[in-house]
Amino acid sequence: MQQNYTPKELESAAQQHWEKRQAFKAGETSDKPKYYCLSMFPYPSGKLHMGHVRNYTIGDVLARYHRMKGFNVMQPMGWDAFGLPAENAAMANNVPPAAWTYANIDYMRKQLQSLGLAVDWSREVTTCTPEYYRWEQWLFTRLFEKGLIYKKTSTVNWDPVDHTVLANEQVIDGRGWRSGALVEKREIPMYFFRITQYADELLTDLDQLGGWPEQVKTMQRNWIGKSYGCDIEFPYDTTSIGKTGTLKVYTTRPDTLMGATYVAVAAEHPLATQAAADNEKLAEFIAECKRGGTAEADMATMEKKGLHTGLFVTHPLTGDKLPVWVANYVLMGYGEGAVMAVPAHDERDFEFAQKYKLTIRQSIAVKDQTFSDSAWQEWYGDKEHGFCVNSGKYDGLAFQQAFDAIAGDLAAKNLGEKKVQFRLRDWGISRQRYWGCPIPIIHCATCGDVPVPDDQLPVVLPENVTITGAGSPLAKMPEFYECACPKCGGKAKRETDTMDTFVESSWYYARYASPDCKTGLVDERARYWLPVDQYIGGIEHAILHLLYARFFNKLMRDVGVFGDKAKESGKFNEPFTNLLTQGMVIAPTFYRELEGGKKQWINPADVDVETDAKGRPLGAKLRADGKEVIIGGTEKMSKSKNNGVDPQAIIDQYGADTARVFMMFASPPEQSLEWSDSGVEGGFRFLKRVWKAAQEHLEQGALAAYSGGELSTAAKALRLQLHQTIQKIDDDYGRRKTFNTAIAAIMELLNALAKFDEQTPAARAVAQEVLEAMTLLISPIAPHISQAIWSELRPGSDLLDQAFPRVDAAALVQDEIELVIQVNGKLRGNLRVAKDTDKATLEQLALTHEAVQKLLAGGTAKKVIVVPGRLINVVI
RNA sequence: GCCGGGAUGGCGGAAUUGGUAGACGCGCUGGACUCAAAAUCCAGUAUCUGCGAGGAUGUGGGGGUUCGAGUCCCCCUCCCGGCACCA
């Protein structure tokens with residue numbers, strides 16, 4: 001065996017070997033149970049970043065571990081290739097989005113391959129290819145025909161200078177990122193997926209997802225937000241409004257209806273428009289409401305403003321006249337675009353009523369609490385302990401009683417009814433962008449919206465275009481949009497909007513099962529591989545991506561993509577059986593202040609940090625000029641803060657195994673991870689020590705691993721530790737998915753092996769056993785070095801064919817154990833006893849222990865607590 | 001603002017079911033090897049106090065439950081993720 005660890009040669013040899021063996025090509029004919037291991041596919045942004053390395057190493061560890069545990073493993077990879085950054089790059093560098101994207105994919109594929117992932121590359125999927133998106137378009141037409149897709153208007157961010165729709169990300173402080181113009185809200189027609197039709201199923205099926213983190217399920221439950229409430233209609237006050245009609249609102253608190261003192265409508269509401277016609281001040285206010293972006297975070301944090309319309313509606317039960325206000329916090333797209341206000345029992349209404357001196361009328365009381373309209377108190381909104389007051393015949397009723405009574409009376413008057421509602425809104429998927437999947441609809445003046453027939457799919461996105469950032473490119477291309485109506489053959493216009501890129505990522509996991517299928521979205525191979533057994537990706541996708549993917553799985557099931565009996569089988573209700581959400585990778589930031597307060601961000605790789613004797617940072621200097629830079633916070637790696645670390649440098653210098661070991665060792669997958677170069681060297685050092693241990697052992701030649709016979713105490717202890725480690729790591733990989741603790745345990749085992757220097761044949765057999773097991777245990781994390789060491793430990797055999805090490809129960813037997821002695825819960829001493837010592841003896845041993853005697857000082861113990869196998873606590 | 005997380009030595013983290021806080025690694029200090037350096041190896045390393053044995057304190061802050069709390073409960077601070085057109 002070669003003396004030094006040379007990752008470069010050994011890694012490329014291992015990768016060539018795997019390639020030659022087609023080791024990770026997955027088939028559907030195995031007699032082993034299948035294990036579909038999926039990591040969220042990357043957006044091809046240009047280069048791999050540390051978050052990718054982390055994500056894909058986690059997936060690879062799980063894939064390789066399950067292979068050793070006897071599963072037929074499939075781990076695919078692909079590209080989430082449509083999206084905004086390609087258009088931005090096109091504008092910045094004058095490259096067509098397609099060319100930019102494909103070049104990035106080629107580079108990043110090489111990077112991923114150099115990491116040595118056990119990926120079946122024959123299943124690679126790229127979402128921006130017609131072969132992929134044609135099935136997305138096919139599914140769209142089916143859903144359109146089933147009425148699961150419909151058209152309505154929706155609000156977007158409009159840049160009045162560039163005449164273009166902006167993403168929320170492109171709106172900075174209310175202005176367009178390129179033009180600097182004040183952004184406006186604009187209503188435009190869009191296609192929507194009727195996800196609300198599946199809201200109940202999406203909610204209840206969360207209970208079946210035992211392999212999902214509780215926090216993700218909680219977030220999805222809250223997002224779906226099922227509520228039980230009432231639609232209530234407020235009849236128009238005909239004197240002020242000038243016609244009859246009703247204003248409909250939805251509320252979850254009909255029990256507080258007697259405390260309603262005004263109603264508020266959105267700026268776009270018909271009543272607001274009517275009132276503004278002869279009211280300049282109101283028209284101005286409505287215009288003001290329309291300024292700014294559409295992001296919910298902005299809506300929720302902005303100052304609440306309103307204006308009286310001069311119109312009134314009547315209270316459905318009391319007949320009182322209630323003023324109609326326009327308020328900036330009421331949004332047209334949500335619910336009815338109108339709300340009833342109960343300032344006494346809703347915090348937002350309370351704040352608003354105080355500001356505009358509107359009536360606050362208490363209608364709920366809680367025992368022993370006094371109401372005051374000068375300051376909001378938590379109990380005002382209490383549904384559990386409240387009862388009605390100042391509510392006439394409803395006085396004294398508790399929440400549910402009042403809810404039922406008021407809903408009943410409203411129903412009798414035909415002015416309201418109980419209603420279950422969801423916070424979840426239908427999913428608007430139209431984007432006025434170029435680099436996305438074309439929506440397969442043709443607009444015909446006589447036939448209306450006609451889906452593109454199957455034989456005309458795919459609607460291919462033209463790839464040679466110039467992106468200007470002003471308006472939608474496709475809308476300026478007659479050669480794209482001019483077409484004939486598939487129904488009547490008349491002149492028609494093709495839809496020029498593209499789909500939200502979340503659509504591609506909602507079904508790619510299914511396509512991996514049959515990536516080359518030309519007859520459908522998937523074929524029968526999907527019924528073998530789905531659902532995904534393990535899904536791994538960033539926590540930032542907890543809601544949107546994961547909810548949409550769950551929704552799409554149900555859509556595909558109901559359209560029959562998984563066969564006629566997909567629904568009855570129950571197998572295809574959910575796409576991802578187990579979910580692991582990884583934390584972000586963060587890094588320190590460095591900067592210099594430029595003139596005008598602008599910051600120039602400097603990459604950590606170009607900075608030398610000085611530390612004091614204890615390693616605390618004192619200052620940092622730019623290597624290029626030796627001058628000071630300012631140390632900023634430690635933040636998520638990003639282009640804007642220039643604190644991204646390119647994994648390629650680490651792979652080039654230390655090898656993929658070191659990069660993988662460091663990544664896995666640095667923190668458990670779910671936590672955020674701070675980057676540090678010194679940690680990388682630690683990983684490298686560890687692998688060198690592993691190599692050295694094997695190399696030194698093999699100088700005397702390989703031999704059969706220990707299988708029985710007399711051993712010294714030290715050899716027995718080493719075997720005990722080995723088998724404890726196997727047990728622990730099996731649990732770490734399989735159940736806990738904490739790879740940092742697995743590596744730590746292997747390091748401890750290596751330390752123990754290094755100290756073990758017996759040279760008898762039996763001892764060498766134990767060392768062989770330890771080395772073989774250690775190589776297998778570390779192999780999911782560091783597969784290349786393990787491949788090389790294994791071929792030396794067991795010439796003629798391949799690590800890829802080995803099973804995970806088995807625990808030898810006999811090695812785990814211990815005669816003596818160590819117990820801790822506490823006095824009042826504080827550690828005072830240790831005790832070594834035979835394993836089966838009874839409780840009474842243990843109590844006696846503790847009480848007579850020197851340290852306990854000293855503290856007892858002749859007195860008696862109040863109580864002795866014995867925790868078997870752990871400790872004895874003497875209470876005095 | 002709302003929803004979901006997080007906070008443990010100089011640093012990353014460990015402590016899996018309420019039972020020895022700081023495993024493992026980084027960094028640092030001292031030593032060995034070397035003409036020297038790198039690499040490697042050995043020893044030490046939470047804080048305060050003490051010559052030492054030891055003692056006291058200690059898991060973001062405040063309170064509580066318990067024989068015993070990093071872990072459970074209540075309140076607070078700060079940080080991170082998401083908020084429907086970044087992916």
Side-chain angles (χ1 to χ4, degrees), chain A residues 40 42-43 45 80 83-85 88 156-157 165-171 213-216 218-219 221-223 225 293-302 348 424-433 500-502 505 538-545 547-548 581 583-584 586 611-617 633-636 662 665-668 670-683 685-686 688-689 692 728 731-732 735-736 738 740-741 743-748 751 754 818-827 830 862-865 867 870-871 873-876:
Chain A
M40 289 182 186
Y43 177 79
S45 54
D80 187 13
L84 205 48
N88 297 339
V156 294
N157 303 307
V165 176
L166 298 177
N168 284 336
E169 190 191 50
Q170 297 172 316
V171 180
E214 211 51 55
Q215 50 158 319
V216 175
T218 304
M219 280 190 263
R221 274 188 200 107
N222 293 340
W223 185 262
T294 58
E296 198 199 85
D298 296 335
M299 297 290 151
T301 48
M302 73 186 173
R348 191 174 58 184
L424 179 71
R425 308 195 297 264
D426 276 336
W427 176 15
I429 55 103
S430 296
R431 298 290 180 269
Q432 300 67 47
R433 307 200 189 292
D500 181 1
T501 57
F502 269 126
S505 55
I539 182 66
E540 66 270 24
H541 297 294
I543 296 176
L544 293 180
H545 163 62
L547 189 67
Y548 293 150
T581 46
M584 298 164 308
I586 56 179
T611 56
D612 65 9
K614 288 198 162 175
R616 277 178 283 229
T634 300
E635 299 178 49
K636 175 179 175 172
F662 168 71
F665 186 55
S667 74
E670 314 230 57
Q671 273 178 44
S672 60
L673 159 69
E674 189 180 349
W675 181 254
S676 138
D677 276 347
S678 51
V680 179
E681 276 173 50
R685 224 173 286 172
F686 164 62
K688 277 197 288 191
R689 295 188 64 212
K692 201 181 123 200
K728 183 202 165 37
D731 190 43
D732 281 350
R735 180 183 62 91
R736 297 212 306 157
T738 54
N740 55 332
T741 53
I743 295 170
I746 296 169
M747 286 174 170
E748 287 181 85
N751 291 344
E818 193 147 296
L819 293 180
V820 160
I821 296 183
Q822 293 183 339
V823 176
N824 290 344
K826 271 192 179 161
L827 176 70
N830 293 2
K862 273 191 209 154
K863 200 171 166 186
V864 181
I865 291 150
V867 183
R870 285 197 186 269
L871 56 79
N873 186 17
V874 181
V875 185
I876 60 176

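Hydrogens, waters and symmetry mates are skipped; everything else that's a heavy atom, side chains included, is used. Just so it is clear: chains get the letters A, B, ... in the order the sequence lines come, proteins before strands, and each one is counted from 1.
Looking at A:Leu871 and A:Leu819, their side chains never come closer than 4.5 Å, going by heavy atoms from C-beta outward. A 4.5 Å side-chain heavy-atom check between A:Val216 and A:Ile539 finds at least one atom pair inside the cut-off. In this structure, the side chains of A:Thr581 and A:Glu670 come closer than 4.5 Å at one or more pairs of heavy atoms. Using a 4.5 Å heavy-atom threshold, the side chains of A:Asp500 and A:Trp427 count as touching. In this structure the side chain of A:Asn751 reaches within 4.5 angstrom of the side chain of A:Arg689, judged on heavy atoms.
In this structure, A:Arg431 atom CZ and B:rA84 atom P are separated by 11 Å, rounded to whole Å. The separation between A:Arg870 atom CZ and B:rG18 atom C1' is 10 Å, rounded to whole Å. A:Asn157 places its CG atom 13 Å from the P atom of B:rC83, with the value rounded to the nearest Å. For the pair A:Leu827 CG and B:rA15 P, the computed distance is 20 Å after rounding to whole Å. If you take CD of A:Glu540 and P of B:rA87, they are 13 Å apart, rounded to a whole angstrom. The NE2 atom of A:His545 sits 17 Å away from the C1' atom of B:rC85 (whole-angstrom rounding). If you take CG of A:Asn168 and P of B:rC86, they are 5 Å apart, rounded to a whole angstrom. Between A:His541 atom NE2 and B:rA84 atom C1' there is a gap of 14 Å when expressed in whole angstrom units.
Judged by distance alone, the side chain of A:Asn168 and the main-chain N or O of A:Gly293 form no donor-acceptor pair under 3.5 Å. At least one donor-acceptor pair closer than 3.5 Å links the side chain of A:Gln170 to the backbone N or O of A:Ala167. Side chain of A:Asp731 to main chain of A:Arg736: no donor-acceptor pair is present (N/O by atom type, distance under 3.5 Å, no hydrogens or angles).
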For A:Lys728 and A:Thr741, run side chain to side chain contact (heavy atoms under 4.5 Å, CB included): C-alpha distance rounded to whole Å, both residues' side-chain angles, the deciding distance at 0.1 Å, then the answer. CA-CA 9 Å; A:Lys728 183 202 165 37; A:Thr741 53; 4.0 Å; yes
Given the rule in the side chain to side chain contact (heavy atoms under 4.5 Å, CB included) test, do A:Arg685 and A:Glu681 qualify, once you have shown the distances and angles that lead to the verdict? CA-CA 6 Å; A:Arg685 224 173 286 172; A:Glu681 276 173 50; 4.0 Å; yes
A:Ile429 vs A:Phe502, test: side chain to side chain contact (heavy atoms under 4.5 Å, CB included). Steps then yes/no. CA-CA 8 Å; A:Ile429 55 103; A:Phe502 269 126; over 6 Å; no
A:Asp298 vs A:Val171, side chain to side chain contact (heavy atoms under 4.5 Å, CB included): CA-CA, chis, key distance, verdict: CA-CA 11 Å; A:Asp298 296 335; A:Val171 180; 5.8 Å; no
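As judged by a 4.0 angstrom heavy-atom cut-off over every strand, A:Leu424 is placed among the base-contacting residues. The residue A:Val171 sits apart from the nucleic acid: no heavy atom pair falls under 4.0 Å. Contact annotation for A:Phe502: base contact, defined as any heavy-atom pair under 4.0 Å involving a base atom. Among the atoms of the strands shown, none is found under 4.0 Å from any heavy atom of A:Arg348. Contact annotation for A:Leu84: backbone-only contact, meaning every heavy-atom pair under 4.0 Å involves sugar-phosphate atoms and none involves a base. The residue A:Pro42 sits apart from the nucleic acid: no heavy atom pair falls under 4.0 Å. In this structure, A:Ser672 reaches the sugar-phosphate backbone alone: every heavy-atom distance under 4.0 Å involves primed, P, OP1 or OP2 atoms, never a base. In this structure, A:Ala297 reaches the bases: a heavy-atom distance under 4.0 Å links it to at least one base atom across the strands shown. Within 4.0 Å of A:Thr581, counting heavy atoms only, lies no atom of the nucleic acid at all. Residue contacts for A:Ser505: at a heavy-atom cut-off of 4.0 Å it reaches no nucleic acid atom on any strand shown.
Straight-line distance between the P atoms of B:rC80 and B:rA69: roughly 32 Å, to the nearest whole Å. Comparing the P positions of B:rA46 and B:rG25 gives an interatomic distance of 15 Å, to the nearest angstrom. Comparing the C1' positions of B:rG60 and B:rC79 gives an interatomic distance of 10 Å, to the nearest angstrom. B:rU77 and B:rG61: their P atoms are spaced 15 Å apart (whole Å). Between the C1' atoms of B:rG44 and B:rG62, the separation comes to 37 Å (whole Å). Taking atom P in both B:rA43 and B:rU16, one finds a spacing of 28 Å when rounded to whole Å. Across the P atoms, B:rG50 and B:rG13 are found 35 Å apart, a figure rounded to whole Å. Rounded to a whole angstrom, the distance from the C1' atom of B:rU71 to that of B:rG22 is 15 Å.
At a cut-off of 3.5 angstrom, counting only N and O atoms as typed in the model, there is no donor on one side facing an acceptor on the other between the side-chain of A:Lys692 and the base of B:rU40. At a cut-off of 3.5 angstrom, the base of B:rC85 holds at least one donor-acceptor pair with the side chain of A:Gln432.
Remark on RNA chain B: of its neighbouring residues A:Gly428 and A:Lys688, the 5'-side contact belongs to A:Lys688, judged by nearest-heavy-atom nucleotide. Comparing A:Asp500 and A:Glu818 along RNA chain B, the residue whose closest nucleotide (by nearest heavy atom) sits nearer the 5' end is A:Glu818.
Under the rule for a side chain to side chain donor-acceptor pair (under 3.5 Å), A:Asn873 has no partner lying at least two apart in sequence or in another chain.
If you check B:rG12, B:rA87, B:rA84 against the side chain of A:Tyr43, the one that comes closest is B:rA87.
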Protein-nucleic acid N or O pairs under 3.5 Å, nucleotides 52-58 of chain B:
| from | atom 1 | to | atom 2 | distance (Å) |
| --- | --- | --- | --- | --- |
| B:rU57 | OP2 | A:Lys826 | NZ | 3.1 |

Could you run down the sub-3.5 Å N/O contacts of the protein with nucleotides 23-25 of chain B?
| from | atom 1 | to | atom 2 | distance (Å) |
| --- | --- | --- | --- | --- |
| B:rA23 | O2' | A:Glu748 | OE1 | 3.2 |
| B:rG25 | OP1 | A:Asn751 | ND2 | 3.2 |

Please list, for nucleotides 4-6 of chain B, all pairs of protein and nucleotide N/O atoms separated by less than 3.5 Å.
| from | atom 1 | to | atom 2 | distance (Å) |
| --- | --- | --- | --- | --- |
| B:rG4 | O2' | A:Gln215 | OE1 | 3.1 |

Which atoms of nucleotides 66-71 of chain B (N or O only) lie under 3.5 Å from a protein N or O atom, and what are those distances?
| from | atom 1 | to | atom 2 | distance (Å) |
| --- | --- | --- | --- | --- |
| B:rC67 | O2 | A:Asn873 | ND2 | 2.4 |

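Checking the phosphate oxygens (OP1, OP2) of B:rA84, no side-chain nitrogen or oxygen of A:Arg425 falls inside 4.0 Å.
The glycosidic torsion of B:rG54 lies more than 90° away from 0, which places this base in the anti conformation.
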Dot-bracket for RNA chain B: what is it, with Watson-Crick or G-U pairs under 3.5 Å, [ ] where a pair crosses earlier ones, and | for a pair to another strand? (((((((..(((......[....)))((((((.......))))))((((....))))..(((((..]....))))))))))))....
